[in-house]
Structures are given as C-alpha cells and as structure tokens.
Amino acid sequence: MSSLISELNPEQFEAVTLPHQSALVLAGAGSGKTRVLTTRIAYLIQSGQVSPHGILAVTFTNKAAKEMLIRIASMLPIDTRGMWVGTFHGLCNRMLRAHHQDAGLPQAFQILDSADQLAVIKRLLKVLDADDEKFPPRQVQWFINNAKEEGLRASQVEIYDDFARKMVEFYLFYEQQCNKEGVVDFAELLLRSYELLTRNEHLREHYRGRFDHILVDEFQDTNRLQYKWLKLLAGNRAAVFAVGDDDQSIYAFRGANTGNMKDFERDFHISKIIKLEQNYRSHGNILDAANTLIRNNSGRLGKNLWTSEGHGEPIRVYNAPTDFDEASFIVDEVKSLRAEGVVLSQIALLYRSNAQSRVLEHALFNASLAYRVYGGMRFFERQEIKHALAYLRLMANPEDDNALLRIINFPVRGIGMRSLEQLQDEAKRQGGSLWAAMQQKYGNDAAFIPNSGDQAPIRLESNQRLDKPRKGVEGFAVLIESMRQVCEKLPLPEAVEHMLEHSGLVAHYRAEREGADRLENLNELINAATGFVHEAEDDSLTAFLSHASLEAGEHQAGSGQDALQLMTVHSAKGLEFHSVFLSGLEEGLFPHDNSRNEAGGVEEERRLMYVALTRARRRLYLSFAQSRMLHGQTRYNIPSRFLHEIPDSLLKWLQPMQKATIRNEDWGRGRQGSGRVIQEPGVQARTSNIRDSTASQWRIGQNVMHAKFGAGVIVNCEGHGADARVEVRFGRIGTKWLLLEYAKLTPA
DNA sequence: TGTATGTTAGTTTTT
DNA sequence: CTAACATACA
C-alpha cells in the first residue's frame with residue numbers, strides 16, 4: 001500500500017487518498033492525472049474501501065481506458081476484465097446489452113458509426129423526397145445528434161420555425177427507422193442508457209447500489225447528456241471523482257461543455273477543488289509561455305503550472321517567407337536534432353488543420369526522413385472491412401437495412417435498381433425491413449433455404465459455391481441464411497473466414513488489380529477476430545461487431561520503425577514529445593478563420609494553443625509563413641496573435657539561412673519592436689536593410705501597419721496614382737480595400 | 001453498371 | 001489545388 005502512494009506529491013496524495021466524497025481535481029497538463037486516477041482506484045481497492053465490482057471509471061477514448069486498465073493491473077493482483085472501466089459509449093453498450101429488453105432493443109442490436117448514421121439519413125431523406133439543398137444530410141445528422149446530446153427525443157425538441165419543424169420531422173422518421181432496424185447510433189447508446197435508468201427504478205437502484213465510486217477522466221470534455229448520465233447513476237450515494245482541466249477543453253465544437261465543471265461543483269456540493277499544478281513534463285520556459293498565453297482567457301477555474309526543473313532552452317521562433325521555406329526549415333532542424341541524438345519518434349510536427357501536413361510531408365519525403373501521419377483512415381472504417389462487417393451484421397441482425405443495402409449487390413450479383421426498388425416498395429408496404437420484404441416475396445425460410453432445420457449443416461467446400469445455383473435477390477437471401485447457419489456453429493475467427501470466402505469478397509478483391517492491400521486487410525480482420533476471442537470476456541459475433549463499431553482501431557498498422565510524428569494539435573492531446581514543432585502560426589489558420597465568428601471560438605483556439613505548447617518536454621519551435629498556398633491560392637497571413645501573447649523574454653527568433661533565392665523583402669527579422677534578435681551559430685543575420693522603395697513599396701505579401709486596424713498584410717493591389725488601392729488582410733477585422741492616398745499605411 | 005466528367009467545398013474528432 | 005461527390009453518358 002505505501003508503495004502505491006509513497007512517491008506522490010502532497011496534492012496527488014490528497015487526491016488519491018480522499019475519503020468517500022465527491023471531488024473535483026483540476027489536473028494541469030503533465031501533472032500526473034492518469035497516475036492519480038489509477039492510483040486512487042488501486043488505493044481504494046487495496047485498502048478495502050471498495051471491491052473492484054463497486055467501481056465505475058469512465059474515459060473518452062478506448063486508448064485511455066486501456067491504459068487505465070493496464071496501470072490498475074500493474075498495481076493490483078486482480079483480474080480487471082470484469083471491471084466497469086471504459087468509455088461512456090462502451091459502458092452504455094454494456095448496460096444496454098445486459099438489459100436489452102428493458103431498453104426496448106433486440107438482443108443483437110447493431111451500432112451505427114457516424115458514416116453508417118449518415119447513410120441512414122441520406123436514405124431517409126431520399127424516401128421523404130427532401131430537398132437536399134435546403135436540408136444537407138450532414139446538417140440533419142448534426143441536428144439529430146445535438147438533440148440527443150441534449151437528452152431530447154424528436155417529440156421533445158422545441159420547434160421555433162419551419163426549418164426546425166422539418167428537422168424534427170426527419171428526426172422522428174430517423175428514430176422510427178432505427179427502431180425498426182434494431183440499430184443505435186453513438187448518441188443513442190447514451191440516451192437509451194439514460195432513459196433506461198430514468199424509467200426503470202429497479203435498475204437504477206441496482207446500479208446506484210453497486211457503484212460506490214465513480215471516476216471520470218477528462219471531465220472537461222463531457223457533454224450535457226454524459227453529465228446527466230453520471231448524475232443519475234451517482235444518485236446521492238456514490239462518490240464522484242472528476243478529473244479534468246478546463247484549459248484543455250478543445251472539443252466544445254462537438255458538444256463538450258466546460259460548464260459541467262461548475263455545475264458539478266454545485267450539484268455535488270464540492271467544497272474544495274484539488275489542483276495539480278506541478279508539471280513533470282516540461283521545462284520552465286515552456287510552462288511560462290503556456291501560463292501567460294492561457295491567462296488571456298476569461299472564466300477560467302484558475303491554475304498555474306510550475307516545475308522544479310530549470311528554465312531550459314528558449315522557445316525558438318521562425319518567420320518563414322513561404323510555407324515551403326517553413327517546411328524546409330523544419331526539415332533542417334529535425335536533421336540537426338537527430339544528429340544530437342533525439343530519436344525521430346520523440347519529435348512531433350503539429351499543425352492546426354490536416355491540410356497543412358501536405359507541404360511538410362513533401363519536404364520530409366524529399367529529405368528521406370521517416371514520418372508517420374496520424375489521423376487517416378482507420379482499420380474498421382476501410383471500405384472492404386465495412387463490407388465484410390455488413391455481411392456479419394446482416395447475419396446477426398437481418399433487420400439491418402443499412403448493412404443489407406451495402407452488400408446486396410456487392411460483389412455484383414445482378415441485383416440492379418429495379419429489383420431493389422421492388423424490394424423497397426414491398427418493405428414500405430409491409431412497414432418492415434428489406435429482409436422481411438425479401439422473405440415475403442420469395443417465400444419463407446423453410447421454402448427457400450436448403451438444408452434448414454435439423455439436417456446436417458450445408459457442407460461448404462471451397463469448390464462448392466453457394467451463390468451459383470440461385471441468382472439475384474433469392475440467391476442473396478439463400479447465401480446470407482446459409483452463412484448464418486454455418487457460422488453459428490463456428491468459432492468466431494473461422495466464421496469470419498467462412499463469410500469472407502463465401503460472400504465472394506475474397507474472390508472479388510483477388511480479381512481486382514489494386515486489391516492486394518484490401519485482401520490483406522480482410523485477412524487482418526480474421527486476425528482481429530482471433531485477438532478479440534482471446535481478450536474479450538464475451539466472444540460472440542455480436543460482441544465483436546460492437547467492438548468494431550466502438551473501437552475503429554489504430555489508425556494505421558504501426559510500422560514500428562522510428563519516425564517523426566505528424567498530427568493535428570487535437571490528436572496530440574495527452575501526448576508528449578522531446579521536441580515539438582508547431583507550424584502555421586498565422587491569423588486565419590491558428591486561430592482558424594472559422595472560429596472567429598463563433599462565440600468563445602478564439603478562446604477555444606487559445607486552449608488549443610495551450611495544449612500544443614504543453615506537449616513539449618525540452619524544445620519547442622513555433623513557426624509561421626508570410627505566404628502560404630491554400631485552396632489553390634496564395635494567401636498572405638499575419639503572424640498569429642498567440643505568438644504575441646507569449647513574453648518576448650522566452651522567445652528566441654531564429655534567422656533564415658541566406659540563400660540565393662531570398663528576395664529583398666522585409667522578412668527575416670523578429671517581431672517589430674521586439675529588438676531581440678539573437679544570433680546562433682550556423683544562422684546568419686538578415687539579408688539587408690536596404691529596401692528598393694521606388695520600385696514597389698506596396699507589393700503583395702507586404703506587411704503593413706494601419707493606424708486604426710493595426711497590423712496587416714497586402715493581399716491585392718490595383719490602380720495607379722490617386723486611384724491606387726490595396727487590399728489588406730488584418731487579423732481581427734478581415735480584409736479591407738484601402739485607398740493609398742488616404743489610408744496612412746506604413747511598412748511593418 | 002461502371003466510367004467520365006463536372007461541381008463544389010475546403011477546422012478540429014471520438015464514440 | 002485536390003478530393004470527394006454527383007450527375008451524365010456509353
């Protein structure tokens with residue numbers, strides 16, 4: 001026991017050993033948040049205050065949940081598999097599976113991921129003959145999810161105009177369709193579970209009696225519904241231990257509600273907030289930069305990171321003429337870092353939006369530096385995997401129209417629009433699923449399924465193709481039903497293999513020119529099933545399908561080789577690196593243009609910046625480019641306001657290497673007025689102070705100052721003499737056309 | 001039914 | 001500029 005808690009600092013110790021009461025722990029970046037959370041769980045169990053059974057710990061990502069379980073297992077000699085540790089969605093799924101009848105769901109209900117959900121909505125809008133100009137499917141999806149995350153059913157949504165009326169109508173149809181098919185989307189998992197506990201007093205009391213301690217990770221990311229769910233589950237008995245950091249709330253755009261922290265204080269009568277402010281990750285300068293920056297936000301709960309380590313190196317800032325130069329600067333620095341002995345996997349290249357990775361990748365590729373981009377297509381989202389899963393889903397739950405439509409003619413088996421329309425009409429007439437309509441049309445199971453009942457299972461040798469004798473819709477129905485019968489009796493991996501072979505998927509991709517990768521992925525699906533059977537408590541097909549929906553899998557097969565890490569700032573949250581390059585620090589990019597109009601948008605961007613800064617342990621580079629190719633156009637941006645929010649004393653402005661291509665413009669020096677130009681070996685001073693004022697004082701890309709609007713950059717020029725006008729992009733105001741004769745512009 | 005061309009949008013993302 | 005999506009055509 002003492003070994004568990006002996007190495008904690010006083011605040012961590014207090015948090016870990018808190019008696020049975022609800023608490024809010026404000027855990028700064030790198031302050032040992034996960035450690036506190038898992039150590040508390042171990043402490044509670046080891047000290048006999050609670051059994052593993054009485055704990056519920058919830059996180060947002062599968063990765064975090066897995067990490068938590070691993071750490072608990074390393075501290076305690078217990079089997080963690082039965083513990084209620086998981087994501088909100090995972091735990092809700094678990095609850096709904098256990099009480100599917102009470103929740104009004106079929107036993108094998110399937111989970112729709114976002115893409116599936118969108119497909120259902122598109123289908124529905126088509127059936128309703130909705131104008132997809134006025135009602136884009138994505139917006140309908142957004143509306144429905146938003147409503148659900150507010151805890152509202154279609155019948156409960158307030159209708160304030162015709163548009164909302166239409167949206168609610170779609171929502172209602174969508175609800176009915178999902179119920180008919182026995183499918184639930186992500187938000188539905190939460191909402192169903194919430195409603196189940198609300199309505200069913202018996203169950204509510206059961207779970208309230210069971211969970212003495214509820215622990216919540218990344219509490220600042222909870223949405224309204226998740227908060228209500230927690231509150232409902234906790235009742236007035238459980239101790240809720242919420243850990244979070246309001247300064248790292250970067251998901252408001254998807255419903256995260258920082259207000260939950262303040263509500264939590266009130267609703268759970270939190271008398272004292274424990275703050276973890278000692279940072280074990282970064283050197284002082286980095287923390288000072290982050291602290292100063294975030295102080296510009298209002299309504300913070302308040303927190304200041306500190307370290308017992310020294311100041312460390314200054315933060316390096318680089319002002320590049322173009323995005324291309326910025327990339328090559330990064331490449332050069334990475335090379336010298338590597339020469340100093342920093343491994344590539346400890347270096348991160350961060351950017352605000354994915355589009356920015358392109359120019360970086362290009363430069364890295366040319367320099368033959370190994371890199372890995374995060375955030376691409378994930379395993380269970382791949383087309384071929386989606387197809388395979390659709391077969392499995394249809395076998396598990398034939399009412400799943402979405403799955404059926406995906407594969408009824410894939411691989412092609414001669415089912416065209418006409419047969420499909422007939423089927424859909426029939427389904428509409430019956431008010432049932434497509435599968436049901438199929439049976440109606442082609443007779444019931446017994447009539448068209450060979451070898452059903454108690455006879456020996458169909459023998460499926462590789463030379464015997466089931467889909468050969470019967471074509472079209474009937475053939476498809478026979479195929480699915482016979483595969484279902486066979487797979488029922490097989491262990492999961494073999495069932496998957498059987499399906500892959502007999503569905504024709506393998507043959508299809510084998511015939512395809514570019515199908516090798518897809519075949520490999522299909523093979524990997526069998527491996528995934530094998531792995532799942534070994535790890536999971538429940539190794540049924542339904543459980544595997546839930547797993548596939550809830551856990552889309554690692555982004556890419558980690559090649560394992562040492563490589564640079566490229567990712568958005570969002571995906572870097574929770575990670576740390578020896579060295580971090582943050583590129584594209586420009587107004588319009590970071591903070592992003594689209595955030596400027598949103599309420600609290602810039603503050604969220606600032607929190608994002610805060611997250612970015614605090615990823616670095618030892619060395620931090622900030623860079624921006626004066627011109628950048630975006631959407632096929634060259635954009636001229638001014639440096640990000642965030643750069644100006646970091647004290648000069650922490651920064652070291654690097655100078656570009658002198659190259660033959662350097663243009664004689666006013667780049668290559670530090671921020672105006674800073675006067676802090678520090679030379680370092682290998683880096684030369686700015687090219688020249690001499691400006692050719694006669695030729696073109698005002699040129700595109702020129703930085704200027706305006707008395708009223710402040711710093712800007714010229715993005716366009718036209719006219720001559722008294723008519724001469726320039727278009728200037730200012731940070732906050734946007735772009736303006738100014739007559740040179742009147743606007744008092746000065747070069748900056 | 002698949003290809004070919006045109007159109008349009010283009011933050012962040014986990015479940 | 002590109003990639004994804006949609007509509008048009010063979």
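So you know, we letter chains A, B, ... as the sequences are listed, proteins then strands, and number each from 1.
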* Asked: Does a distance-only test, which skips hydrogens and angles, find a donor-acceptor pair under 3.5 Å between the side chain of T61(A) and the base of dT15(B)?
  -> no
Rounded to whole angstrom, note down the [atom1] distance from [N] over to [M].
| N | M | atom1 | result |
| --- | --- | --- | --- |
| dT12(B) | dC5(C) | P | 15 Å |
| dT14(B) | dA3(C) | C1' | 23 Å |
| dT11(B) | dA6(C) | C1' | 24 Å |

Quick one: label [X] by what it contacts on the DNA or RNA (base, sugar-phosphate, nothing), any heavy atom closer than 4.0 Å.
| X | result |
| --- | --- |
| V569(A) | nothing |
| I415(A) | sugar-phosphate |
| F88(A) | nothing |
| Q226(A) | nothing |
| S549(A) | nothing |
| N354(A) | sugar-phosphate |
| R358(A) | sugar-phosphate |
| N409(A) | sugar-phosphate |

Given atom [atom1] of [X] and atom [atom2] of [N], what is their separation to the nearest angstrom?
| X | N | atom1 | atom2 | value |
| --- | --- | --- | --- | --- |
| E587(A) | dT11(B) | CD | C1' | 15 Å |
| D593(A) | dT12(B) | CG | C1' | 14 Å |
| R628(A) | dC1(C) | CZ | C1' | 15 Å |

* Measure the distance between the ring centre of H570(A) and the centre of the six-membered base ring of dT12(B), then answer whether it is under 5.5 Å with planes under 30°. => no
* Asked: Does the aromatic ring of F253(A) sit over the six-membered base ring of dT12(B), closer than 5.5 Å centre to centre and tilted less than 30°?
  -> yes
Quick one: is [X] getting a side-chain N or O under 4.0 Å of the [N] phosphate, OP1 or OP2?
| X | N | value |
| --- | --- | --- |
| S114(A) | dT15(B) | no |
| N62(A) | dT15(B) | yes |
| R635(A) | dG10(B) | no |
| R378(A) | dT13(B) | no |

* Asked: So with a 6.0 Å cut-off around CZ of R94(A), is the heavy-atom count from everything else above 12?
  -> yes
* Looking at the rings of H100(A) and F109(A), which for Trp means the six-membered one, are their centres under 6.0 Å apart? -> no
* Asked: Centroid-to-centroid, Y351(A) to H570(A), below 6.0 Å?
  -> no
* Between the side chains of Q220(A) and T258(A), does any donor sit under 3.5 Å from an acceptor? -> no
* Keeping the roles fixed (side chain from D400(A), backbone from V183(A)), state whether a donor-acceptor pair exists under 3.5 Å. => no
